[in-house]
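One structure below.
Each chain gets a letter, A, B and so on, in the order its sequence line appears, and its residues count up from 1. Side chains included, hydrogens not; waters and symmetry mates left out as well; all remaining heavy atoms used.
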Amino acid sequence: MSSRPELQAPPEIFYNDEEARKYTSSSRIIEIQAQLSERAMELLALPDDGVPRLLLDIGCGSGLSGETLSENGHQWIGLDISQSMLNIALEREVEGDLMLADMGQGLGFRPGVIDGAISISAVQWLCNADKSSHDPRLRLKAFFGSLYRCLARGARAVLQVYPENLAQRELILGFAMRSGFAGGVVVDYPHSTKKRKEYLVLTCGPPSLSAATPQGKGEQEESCSADEGSGDEENQTVCISDRHRPRKKQKITKKGKGREWVMKKKEQMRRKGNVVPPDTKYTARKRKARF
Amino acid sequence: MRLLTHNMLSSNIKGVANGFPLRIEVEKVVEKQVDFNADFLKNMFAKIEWKALVDASRSMGYSELPGDANPSMLDSDDFLQKFHHALLELHLEEGALVCPETGRKFPVNKGIPNMLLHEDEV
Ligand SMILES: C[S@@+](CC[C@H](N)C(=O)[O-])C[C@H]1O[C@@H](n2cnc3c(N)ncnc32)[C@H](O)[C@@H]1O
């Protein structure tokens, strides 16, 4: 792979017509973005009540990530700085509403109206100064501050990011915490350079039980505590939960033996009149490999 | 852009104290059918600025929404259908959103509002 796109050009220039089309017609990219979005949805941990929510997709691009939101039955608003990417999203007839906007200028939504937000492979772009008027710190501050304000209390934002290095990760997380969010980072496959993915899992509002950073599935021993909510940088808790499920196991999940499959089976058993344990958030969660 | 989004959007130009609601300038409206979901509407109702929705839907040529609404109306299927239509099925395809305080226009093309701010507006 060549150098990071973030180092080549500003996003609205890097993602021109040609790149936007290339990006969206690569089956590899489509698959990866879908997986990242599914995982983000999972970490968003919306109430399991079947009610569609109003979600944001920040840096929605051509709509690959938003599609996952639609598939899960939700309404969404996607914003992106690249007109070319949005044009492809139009072509693909995504169900969400689209906006041409720069997250670094702050999100222009009313306070407390959004039920949750995801962002897939986009927020690290804020760490670059693409114009003389750009100060990454001010842009991160504007972004996280406005994100915090528009989310409903207790709502979450899950941002999958590709920070260039440790300093960038800390910069991003630091501004998230200073805006009032509680939470931390969840790392999947931390030992694989290729598959390693990280997600900022942020909860809006006063610290509560629900503000604890979730763990990678089946990795309960890698526990971490919730931020005390002082908003003080010193106090932030960076939670790293190890998630190194072997490849094979993941394949099985993909073939359908995930939660959905288990729920279906349970329903079938119930209809047969069998006694079936109630469905909870633990249903179909992966077990630890050993105790 | 649907009125759901319009109802959430606010002008965030630097110095603007009340950027809501953005006034709608209509050039072209399109309607697209969306699956009806009463749970979504009931859940959203509390977050909707009703007057803004009524005015916005009027400017888009739909004037079936009652001027006032309260949660008890959510039991009425007739009400929910109208709410659904106004919120999710009317799209501003071409036109502009206008900041209520500064008059700055955010153009809407192919259904996509351009909310990018100029440097001196950040
Ligand atoms: C790798 S793409 C991901 C797109 C989409 N989320 C997906 O999963 O396919 C990153 C996107 O972030 C967008 N982006 C970068 N900086 C942005 C900014 N400041 N505001 C809004 N979008 C931005 C880019 O235009 C690009 O579409």
| message | Between B:Lys32, B:Lys42, B:Lys110, B:Lys14, who has the most heavy-atom pairs with chain A when the cutoff is under 4.5 Å? | response | B:Lys110
| Using non-hydrogen atoms and a limit below 4.5 Å, what part of residues 68-101 of chain B faces chain A? | B:Leu88, B:His91
| Considering only heavy atoms, which portion of B:Ile48 lies under 4.5 Å from any heavy atom of chain A: side chain, backbone, both, or neither? | backbone
| said: To the closest 0.5 Å, what do you measure between CZ (A:Arg53) and CG (B:Asn43)? | reply: 4.5 Å
| task | Given side-chain contact (heavy atoms from CB on, under 4.5 Å), test A:Met99 with B:Leu9 step by step and report yes or no. | result | CA-CA 10 Å; A:Met99 267 166 54; B:Leu9 267 185; 3.8 Å; yes
| task | Could you check A:Lys131, A:Gln105, A:His134 and say which one makes a side-chain contact (heavy atoms from CB on, under 4.5 Å) with B:Glu119? | result | A:Lys131
| Which atoms of B:Thr5 come close to chain A, meaning under 4.5 Å heavy atom to heavy atom: side chain ones, backbone ones, both, or neither? | both
| field | Largest heavy-atom contact set with chain A, pairs under 4.5 Å, which of B:Phe106, B:Phe20, B:Phe40 | value | B:Phe40
| note | Max heavy-atom pairs within cutoff under 4.5 Å with chain B, candidates A:Leu86, A:Leu107, A:Asp102, A:Ile77, goes to A:Ile77
| field | Heavy-atom pairs under 4.5 Å with chain A, option from B:Leu117, B:Val122, B:Val108, B:Asn37 with the top count | value | B:Leu117
| Atom CH2 in A:Trp76, atom CG in B:Leu4: separation rounded to 0.5 Å? | 12.5 Å
| message | Could you check whether any side-chain N or O of B:Asn12 sits under 3.5 Å from a backbone N or O of A:Gly106, counting only pairs where one atom can act as donor and the other as acceptor? | response | yes
| said: As an exercise, state the distance from CG of A:Leu79 to CG of B:Leu116, rounded to the nearest 0.5 Å. | reply: 10.0 Å
| task | Select one option (side chain, backbone, both, neither) describing which atoms of B:Asp35 are under 4.5 Å from chain A's heavy atoms. | result | neither
| Short side-chain to backbone donor-acceptor contact, A:Arg110 and B:Ser10, under 3.5 Å | no
| task | Decide if atom CZ of B:Arg104 counts as having more than 12 heavy atoms of other residues, nucleotides or ligands within a radius under 6.0 Å. | result | yes
| said: Quick check for you: among A:Leu100, A:Leu90, A:Val51, A:Asp49, which has the greatest number of heavy-atom pairs under 4.5 Å with chain B? | reply: A:Leu100
| In terms of heavy-atom contacts, does NZ of B:Lys105 have more than 12 from other residues, nucleotides or ligands at under 6.0 Å? | no
| request: Could you pull out the closest heavy-atom pair between A:Gly112 and B:Lys47, with the gap in Å? | output: O-CE, 4.2 Å
| task | Using non-hydrogen atoms and a 4.5 Å limit, figure out which bit of A:Glu95 sits close to chain B: side chain, backbone, both or neither. | result | backbone
| Are more than 12 heavy atoms from other residues, nucleotides or ligands located less than 6.0 Å from atom CZ of A:Arg137? | no
| message | Quick check for you: to the nearest 0.5 Å, what is the distance between B:Met44 atom CE and A:Leu54 atom CG? | response | 5.0 Å
| query | Can you say whether B:Val34 sits under 4.5 Å from chain A via the side chain, the backbone, both, or neither, judging by heavy atoms? | reply | side chain
| task | Pick one of side chain, backbone, both or neither for B:Glu121, based on which atoms fall under 4.5 Å of a heavy atom in chain A. | result | neither
| field | Heavy-atom contact with chain A under 4.5 Å, split by part of B:Asn114 | value | both
